[in-house]
Structures are given as structure tokens and as C-alpha cells.
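Notes to accompany the following structure.
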2 protein chains.
Amino acid sequence: MTNFIVPDLKITPRPGGYARGQDGFEHILRSALSLLVNHGSAALTLRRIATESGMNVGNLNYYFRSKEELIRELLNAVISSYEESFDEIIHEPGASAEARLENMVMLILEDITTKKTTRFFPELWAMANHDPFIHDRMSELYDRARVSLNELIAEINPELPSDQREILALFISGSMEGMTVFAGYQKPWVAQMPILKTLAKKSFVQLVKSLRAEDFTAS
Amino acid sequence: MTNFIVPDLKITPRPGGYARGQDGFEHILRSALSLLVNHGSAALTLRRIATESGMNVGNLNYYFRSKEELIRELLNAVISSYEESFDEIIHEPGASAEARLENMVMLILEDITTKKTTRFFPELWAMANHDPFIHDRMSELYDRARVSLNELIAEINPELPSDQREILALFISGSMEGMTVFAGYQKPWVAQMPILKTLAKKSFVQLVKSLRAEDFTAS
DNA sequence: TCCAATTTTAGTCAAGTGTCAAAATTAGGG
DNA sequence: CCCTAATTTTGACACTTGACTAAAATTGGA
């Protein structure tokens, strides 16, 4: 029995310090996330983060040397959580490769309907175009997702050459991400997400099973 | 023979005025677009637009009563161009429905690899989450795209009920949009776009042809 | 108790924001 | 060529906001 919910943040405990410090650190990141989700990247200023977290501006500087460092930590905390979830899903003991692929699809499409993901990821996509750090960290996340998909594809259709499996994983991963804009939180098509999940699972599994090396030749 | 390039802007001529005025109007919008594409939404300030277009700040106010109006006009110009392109493609005389569907897929995936689209759309997705006007105008664009797809699906697979055609159109449209982040301009997978196009065409056409009403029942 | 961890206070300094009125310049029909 | 309407420049207003810091105050817990 897998859990299809990805926690908002996964924070690695910092060495030394009081428990209060640990809470403060996490509380700041949660406030920043909430700001980004509810008001967009323009609202992500130290002043507003301070207000949001009921703290003082100066205190942010105690936890994070700079705004950039704060954003880095936030991104790390969000992404780490995904990486952990992916690992759990694809290594679920006793489940067939096909079932684990379906679970992966469920996890991602389910996650897409959360407010956090629907709002946060488009912000990240936009930011990644002009911020090298965000770009790199996002690439790592998606690489990891594709590696996971790739493993499952290899189990389901071992005939497929490695480079073609990679493109197939890309196609599947990209297809799912695209739903964010249409069937995410409070989007016009959220209500249809259950059907979309069914459609996606069937379509992807069929694609993985039926694809032959020749299908990748341009027509 | 269809043209798979979507012009950046489609500007409806304003009544009265000199030719210079028409140029100025378009030039400002192009500068704003270029700024958004190259430096992100944070760079979209009246002063930077003025500098970019070699004009004076005050002159922007002559063309647009406010910054908001400028952004509205920009969005209209970009979106109108897509709407026109969609109409041309799906009404191409003498082409089969399947061929027109493939052309639509080609148009969209080709467009995704342009710098304008790769950079501009993620900005819009992010903005749409906090700006009602952008949200509505984007919805109109995507509605239009899906209506086009829907017409073609109906021709190819007339058995499929209307509401299921709509979901299928959504799935196809969303799948393609998702590629922006991975195989757009200067993204790690651009080089594989030709293969992705082949894969997408085959996968979508097959999906449209083979789908039965029962496939939409949750499993 | 006492010291390190955390928080507040109170700023610095700089840069930028959208908008506007009025003057100067230019285009092009008559 | 002239004159008026279209366009452009000038120069400002009034105000917000940005990231960051040093030093003092408070708190936690071994």
C-alpha cells in the first residue's frame, strides 16, 4: 500500500542548535512557499517572508545569509521530498513493473492537483529560464523522475533500446507535467482528473508495451 | 502546403493615425515581448520597455493608458496569431482529417521549440495564477486549440461521444504543452524533438483511432 | 548560572515604481 | 508650403520597495 501524497518539504536536520532553531528554519521556508503559491514570485521578498512568518526581517538573515540562499534551501527541501517519493514508489516490494508504473502515474497526476504543485511549478519553470541554479536543480529533479520511469519501462519492454526508452520516459513525463496548466488545482478540468488518470495509465502502458524500435523512425 | 510558423504578433490596425504611429505601437509590443522572453516578467517595467524600444517613458503612456493595458494588448496580439494559425491548419482544403491532426501536432511541437514560446508561455502560466485577465485570455486560447482538435477527432473517430472527445483533446493538448519545459528552445532535449514529433503523432493518432467509450471507465 | 542560540530594534542606502502635464517636434492632407 | 493633428520629449511628482546589517535584547538548556 503506497501513499500518493508528496510532503511539501523534506528538511535535513541542521547540526547543533536548539529545537526552536529547527522550527524557525522550517517555518521560514513554509512561509516563503506559501507566499510563492498564493501571490507569485513577485511577492517573494524578505520583508513579506518575514511578515508571513511573524518574524523580523533581521532574523531571516540569521538563518540565511542571503535571499538567494533562502531560495536555494526552499528548492532543495521541495525537490528532496519528490525524490524520496519517487524512490519509494518504484521500489515497492511485491508489485509488478506495470503496477509500479501505474502508481508512478497516479502519484504525479495526483500531486498535480494540489495547490502547491499547480502554483509552484509554473513559477519554477519561469524562474528556471533566467536563473541557472533553479534551472540546474529542476533538471536534476526531472532527471530523477525519468530514471525511475526508465527502469520500469525496461522491465516492461526489455526489447526496447536504451536511448529509445529514454525518449519514451521523456514523452510520458512531459505529458503528465502538461496537465498542470489544465487540470491542476482550481483549473477548469480538475473534475476530470480521475478520467485523465485512467486515460493516461492506459495510454502509457499500451505505448510502453507495444512500441518497437522501428516506431522511432521518422515518417 | 501549410506553413508551420506562428508569427509572433498579430496586430489589428488602429483606426486613424499616421503610419509611424502604427509602427510605434507594434514596436513597443515587440520590445515588451523581447524583454519578457529574455529577462522574465520582473523585467517588464515601463522604463525598461522604453529603453528597449529606444523611446521615452512618457511616450508609452501616449500609446497605452496604463501598464496593464499594454500587457493586455501584448497578450491579445500573441494569442490572435495562434488562433489564426489553428484555423488555417484545421481547415486546410483537400487534406484528410488524420493528416490535419498530424499537421496540428507538428505546428504546436514546432512552435514549442522557438525561443518566444519556450520562454513566454511559462511566464504566462505563472502570471495566470494571479492575474484574472491573463487567466481568462489564456483559457480562451486553449479552448480554441481544443475545439480544433475536437473537430478532427470527431472526423477520425465518429463513434466517440462528445464529452469523451473533449477529454481526449485535453489530454493531447496538455501532453504537447508539457514538452515546452523539456524540449523547448535550448532545453536539454531539443535535439530529440524530431523523434518526439514522430512519437507524438503515432501515439495520438493511434489513441484517437483505437479509443472506445468503455476505455473511459475507471479501472 | 551562564553561554550560546535566537530574536528584535532600528536603521542604511540605493534603486525603482507608475503616472502625468506641458512643451517640442514631426507628418502629411489640403 | 502651411497648418493641424499625431507623435515624441522633457522633467518631474510622489511614493514604495528592495536587500542587507550592527548591536542590543531575550531566551533555552546543559
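Here is how names work: the chains are called A, B, and so on, in the same order as the sequence lines, proteins then strands, and each is numbered from 1. The structure displayed is predicted, hence computed values, not measured ones.
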| How long is the line joining CD of A/Glu26 and P of C/dT6, in whole Å? | 14 Å
| request: Can you spot which of B/Glu92, B/Glu88, B/Glu155 makes a salt bridge (Lys or Arg N to Asp or Glu O under 4.0 Å) with B/Arg100? | output: B/Glu155
| Think A/Asn56 has a side-chain N or O under 4.0 angstrom from the OP1 or OP2 of C/dT7? | no
| task | Check the distance between C/dG18's C1' and B/Leu60's CG and give it to me in whole angstrom. | result | 11 Å
| task | Identify whether the distance between the nearest side-chain nitrogen and carboxylate oxygen of A/Arg119 and A/Glu123 falls below 4.0 Å. | result | no
| Between C/dA27 (C1') and B/Asp23 (CG): distance, integer Å | 13 Å
| said: What is the distance, to the nearest angstrom, from the CG atom on A/Asn61 to the P atom on C/dT12? | reply: 18 Å
| message | Which is more 5' along DNA chain C, the nucleotide nearest B/Leu46 or the one nearest A/Tyr63? Just name the residue. | response | A/Tyr63
| For B/Gln22 and C/dG28, what is the distance between atoms CD and P respectively, to the nearest whole Å? | 13 Å
| Can you check whether B/Asn59 has a side-chain N or O nearer than 4.0 Å to OP1 or OP2 of D/dT8? | yes
| field | Presence of A/Tyr62 side-chain N/O under 4.0 Å of C/dT6 phosphate oxygens OP1/OP2 | value | yes
| Of B/Gly24 and A/Ala42, the one whose closest DNA chain D nucleotide lies more 5' | B/Gly24
| Counting only side-chain N and O atoms of B/Arg47, is one of them less than 4.0 Å from OP1 or OP2 of C/dG16? | no
| query | For the ring pair A/Phe121 and A/Tyr82, is the centre-to-centre distance below 6.0 Å? | reply | yes
| said: Under a 4.0 Å threshold between the charged nitrogen and the carboxylate oxygen, would B/Arg72 count as salt-bridged to B/Glu68? | reply: yes
| request: For A/Phe64 and D/dT21, give me the distance from atom CZ to atom P, rounded to whole Å. | output: 15 Å
| field | C/dT6 OP1/OP2 closer than 4.0 Å to side-chain N/O of A/Arg14 | value | yes
| request: Nearest whole angstrom, please: distance from the C1' of D/dC20 to the CD1 of A/Ile71. | output: 15 Å
| task | Let me know the distance between CE of A/Met55 and P of D/dA25, rounded to the nearest Å. | result | 21 Å
| query | Centres of the B/Phe171 and B/Phe204 rings: under 6.0 Å? | reply | no
